[in-house]
Amino acid sequence: MSLDIDRIASLPQRLRNRAPRVHCLLNTVAQKLVADGLSALGIIPSMTSSADEVAHFARRADALLVNLGTSTPEMRRAIDIAVEAGTQAGRPFVLDPVKSYASPIRHDFALSLIANRPFAVKANAAEMADLQPAASKATAVVETGETDRITDGERTALIRNGHPWLAAVTATGCLAGALIAAAATVEDDPLLAGAGAMALIGVAAEMAAERSRGPGSFAMELLDALAAIDASDIHQRLKLTHG
Amino acid sequence: MSLDIDRIASLPQRLRNRAPRVHCLLNTVAQKLVADGLSALGIIPSMTSSADEVAHFARRADALLVNLGTSTPEMRRAIDIAVEAGTQAGRPFVLDPVKSYASPIRHDFALSLIANRPFAVKANAAEMADLQPAASKATAVVETGETDRITDGERTALIRNGHPWLAAVTATGCLAGALIAAAATVEDDPLLAGAGAMALIGVAAEMAAERSRGPGSFAMELLDALAAIDASDIHQRLKLTHG
Amino acid sequence: MSLDIDRIASLPQRLRNRAPRVHCLLNTVAQKLVADGLSALGIIPSMTSSADEVAHFARRADALLVNLGTSTPEMRRAIDIAVEAGTQAGRPFVLDPVKSYASPIRHDFALSLIANRPFAVKANAAEMADLQPAASKATAVVETGETDRITDGERTALIRNGHPWLAAVTATGCLAGALIAAAATVEDDPLLAGAGAMALIGVAAEMAAERSRGPGSFAMELLDALAAIDASDIHQRLKLTHG
């Protein structure tokens with residue numbers, strides 16, 4: 001197989017043209033950076049997790065991000081409501097099972113969400129180890145790391161873009177998950193959506209790092225880079241191989 | 001009528017001299033930027049929304065911001081307690097009915113707060129459409145947009161300052177609401193307080209945009225501009241007309 | 001007595017070598033800056049405050065920060081669980097009794113936590129006045145201000161580093177508390193841990209201020225400075241006297 005690089009490179013432009021709404025069930029630490037990262041690309045974020053109104057927001061959105069970084073009983077209830085309302089309305093959802101290994105409740109809840117067939121699961125190596133083999137039943141799996149590994153069970157893409165400072169800025173991983181959710185609104189192929197989102201943030205990180213002196217300036221430059229990135233940046237810098 | 005431009009232009013200096021306390025009932029996404037934006041002007045923010053202590057904070061404050069960006073039952077209860085305690089203590093409150101149109105609970109709650117006669121309601125066009133004509137019973141209405149429209153029912157001011165990047169940085173609208181609440185502590189005329197706050201953030205945004213390359217650097221420069229802005233900046237750049 | 005300056009100056013390097021985990025029970029306003037400030041030094045933050053999983057996170061961490069900036073009943077319950085689990089697992093905890101004077105519940109809760117013998121209490125002058133003499137029973141007391149005063153009851157260190165812009169950036173005080181908790185994982189002497197953490201943030205603030213034009217750029221530069229600071233920076237700039 002070979003992936004359609006043009007569809008990966010055109011993702012930022014397609015997102016700007018569509019301006020999709022992404023509703024994020026997200027821990028409070030990450031909300032601001034994720035909202036600003038989405039907004040920099042013209043994506044419209046919303047973030048409420050109140051159980052009595054989240055269904056309205058899920059239906060109004062074009063896609064959902066479900067991030068388990070905060071896992072209170074209220075948040076789990078809101079997530080269940082949002083996923084049900086969103087799924088009934090035909091909205092794809094992306095699962096980011098943050099630190100699923102760190103508490104039994106979070107682990108079990110992640111498995112119950114995977115059973116609802118997310119568009120994609122985005123996880124790091126430790127989370128993937130914790131959730132295998134259930135996660136591989138999701139439509140696509142995006143395993144993040146120095147090399148990002150995106151697979152739909154048949155095809156696999158490896159992306160080697162990015163920068164170490166991404167790990168020093170809290171919520172950039174959460175932003176990657178939100179970008180996959182946004183990508184799902186303009187790209188039906190989960191493998192291309194996952195690869196496109198990881199290429200987008202990885203290349204933007206490289207552009208940002210060239211203008212930065214440390215993680216503080218990098219966080220600022222990353223938003224500027226997401227607002228500026230276009231297909232030619234991705235074509236020029238993409239380090240994609242087939243696994 | 002003609003508005004007293006000197007009172008609009010002197011707002012940042014009057015805020016720095018007074019250093020008022022503004023207690024903010026605010027969604028978690030927006031808390032940090034609003035706190036930093038207020039602090040940049042010497043205003044003292046507080047943010048707790050715990051029902052069992054919010055009355056103490058409301059009474060200690062000089063003004064309240066009530067922002068409906070997070071509308072859980074606990075938050076609505078905290079808001080009711082804060083508004084009652086604040087009102088009894090003679091503190092003005094400003095209402096920002098974020099996305100009141102997106103859920104019936106939020107819509108109804110916004111109406112119940114408007115019945116408590118806020119100092120001002122700050123809303124965008126979609127929220128104003130949802131809440132009219134109730135909102136126009138508030139002392140002043142600040143309708144934000146490319147042109148901000150501030151009216152007290154008799155007089156109307158139009159302000160055309162600002163920058164498109166304001167929309168790409170989450171919580172700048174919430175900050176505008178908080179600035180109106182702060183303005184209420186130094187300016188009795190709600191029309192001048194609303195116009196002054198919108199001029200302040202709009203002019204600061206223009207100053208910031210001149211030093212920025214994208215929404216990330218703009219967010220940083222906006223705080224520097226709020227710390228630096230003075231009456232001459234506002235006199236020089238203000239685009240005010242009477243509606 | 002005289003303090004071992006080398007142990008104060010070597011703190012950033014010792015933190016980078018150890019890469020300790022610090023679990024933070026922290027108000028939502030401050031979470032992002034504290035997480036990024038810790039990460040800039042290679043410290044691994046976690047932030048959940050869900051009562052049903054916080055014990056797992058407390059045991060996995062090397063130290064705890066307990067910050068009372070948000071004091072809901074749920075947060076107080078989570079803090080009690082975390083402190084008990086952490087203490088049983090031998091983890092030091094640092095208490096930051098934010099605005100303990102502002103509500104009776106918060107005041108009483110701060111006293112109950114001090115009775116659990118934190119590694120250190122970090123407080124400003126108003127909080128210290130509210131909590132004396134109970135606070136002085138903690139192993140160490142770090143009273144922050146223009147001059148930071150660190151004492152273990154027998155020895156006292158005064159540190160005059162820092163910059164006024166620290167007060168204009170929300171959560172830098174919370175970050176100082178988190179740095180004391182991190183320091184506790186590499187420095188057994190609470191006086192040296194407290195003095196080292198305050199020297200670290202104070203000197204980093206001075207380095208950042210030299211590159212900044214206002215509180216916005218200062219907040220960004222502070223993170224870059226925390227990532228870059230080394231022993232020679234602290235040796236060069238430290239203003240330490242014995243009180």
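The model shown is predicted, which means the values in this text are computed figures rather than measured ones. Just so it is clear, the values below take in all heavy atoms, side chains as well, and ignore hydrogens, waters and symmetry mates. Letters go in sequence order (proteins before strands), and every chain restarts at 1.
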Does a sphere of radius 6.0 Å around [atom1] in [X] hold more than 12 heavy atoms from other residues, nucleotides or ligands, not counting ones at 6.0 Å or beyond?
X	atom1	answer
B:Arg77	CZ	no
C:Gln132	CD	yes
B:Arg60	CZ	yes

Look up atom [atom1] in [X] and atom [atom2] in [Y], then write down how far apart they are to the nearest 0.5 Å.
X	Y	atom1	atom2	answer
B:Thr48	C:Met75	OG1	CE	10.0 Å
B:Arg59	C:Ser103	CZ	OG	11.0 Å
B:Leu26	C:Thr28	CG	OG1	9.0 Å

Heavy-atom pair with the smallest gap, counting every atom of [X] and [Y]:
X	Y	result
B:Pro45	C:Lys99	O-NZ, 3.7 Å
B:Asp224	C:Ser217	OD2-OG, 2.6 Å
C:Val29	B:Ala35	CG1-CB, 4.3 Å
B:Ser39	C:Thr170	OG-OG1, 3.9 Å

Quiz item: Does the side chain of B:Lys32 come within less than 4.5 Å of C:Leu33's, by heavy atoms?
Solution: yes
Exercise. For the residue pair B:Ser50 and C:Pro73, establish whether any side-chain heavy-atom pair is separated by less than 4.5 Å.
Key: yes
Self-check item: Residue pairs passing the ring-ring contact (aromatic ring centres under 6.0 Å, His included) test where at least one lies in residues 49-72 of chain C, sequence neighbours excluded
Solution: C:His23-C:Phe57
Quiz prompt | Interchain contact, B:Ser46 with chain C, by part (heavy-atom threshold 4.5 Å) | solution = both
Quiz item: Checking heavy atoms, do the side chain of B:Glu74, its backbone, both or neither come under 4.5 Å from chain C?
Solution: neither
Quiz item: Between C:Arg106 and B:Asp52, is there a salt bridge with N-O shorter than 4.0 Å?
Solution: no
Practice problem: Would you mind telling me which of B:Glu221, B:Glu53, B:Gln31 has the largest number of heavy-atom pairs within less than 4.5 Å of chain C? | Solution: B:Glu53
Quiz item: Does B:Asp36 reach the main-chain N or O of C:Val169 with its side chain, forming a donor-acceptor pair under 3.5 Å?
Solution: no
